[in-house]
Amino acid sequence: GEPRTRSRGDDQATPLAPAIWLIFGLSALCGVASFVTGALLSLNQAMPLFVLKLHQFAPTLALLSTAALFYLLLFRSSPAT
């Protein structure tokens, strides 16, 4: 076939969709929540039950949201060839 001609702007990155930023924020928030609740639980003081539940749930949500983020970044953001 014919060689592909470069058009102006081919070397520029495409902007990320708002959904990707939202999922990235959720992943980061879950990571921070895991750290903070773990630190609170290690104080060996009585903590409200929601601190324990959040500490148990945040890593799972972080894993799922990070997997969704990688999926979107690797498979949905790639330009059509």
Side-chain angles (χ1 to χ4, degrees):
E2 295 181 21
R4 182 175 178 252
T5 58
R6 289 178 56 113
S7 64
R8 188 177 179 134
D10 276 352
D11 57 346
Q12 294 179 357
T14 57
L16 297 177
I20 292 175
W21 285 111
L22 182 67
I23 295 172
F24 175 78
L26 178 63
S27 296
L29 184 64
C30 287
V32 170
S34 295
F35 176 78
V36 170
T37 56
L40 289 173
L41 291 171
S42 70
L43 294 176
N44 289 329
Q45 295 179 358
M47 290 289 155
L49 182 60
F50 82 88
V51 174
L52 175 63
K53 293 299 180 186
L54 183 59
H55 185 69
Q56 293 171 338
F57 181 67
T60 303
L61 187 57
L63 177 69
L64 293 174
S65 61
T66 303
L69 180 65
F70 281 133
Y71 174 77
L72 288 174
L73 286 173
L74 294 175
F75 299 111
R76 295 292 180 177
S77 294
S78 59
T81 56

Practice task
Please go through Leu22's hydrophobic cluster and name the other residues, only I, L, V, M, F, W, Y counting, with side-chain heavy atoms under 4.5 Å joining them.
Solution key: none
Linked, directly or transitively: [X] and [Y] (ILVMFWY side chains, under 4.5 Å):
X     : Y     : answer
Leu41 : Leu54 : no
Phe24 : Leu72 : yes
Leu74 : Leu63 : no

Quick one: side chains of residues 26-35, donor-acceptor pairs under 3.5 Å with protein atoms, not counting sequence neighbours, listed by atom name and distance.
unit_1: Ser27; atom_1: OG; unit_2: Ile23; atom_2: O; d: 3.1
unit_1: Ser27; atom_1: OG; unit_2: Ser65; atom_2: OG; d: 2.8
unit_1: Ser27; atom_1: OG; unit_2: Thr66; atom_2: N; d: 3.4
unit_1: Ser27; atom_1: OG; unit_2: Thr66; atom_2: OG1; d: 3.3
unit_1: Ser34; atom_1: OG; unit_2: Cys30; atom_2: O; d: 3.0

Completion exercise
Hits for side-chain contact (heavy atoms from CB on, under 4.5 Å) against Phe57, two or more places apart or cross-chain, chain-then-number order -> Leu61
Completion exercise
By side-chain contact (heavy atoms from CB on, under 4.5 Å), Pro48 pairs with (sequence neighbours left out) Phe50, Val51
Problem - Aromatic ring pairing Phe75/Tyr71, orientation class (parallel under 30°, perpendicular over 60°, tilted between) - result: tilted
Completion exercise
So side chain to side chain donor-acceptor pair (under 3.5 Å) across residues 37-52, not counting sequence neighbours, yields Thr37-His55
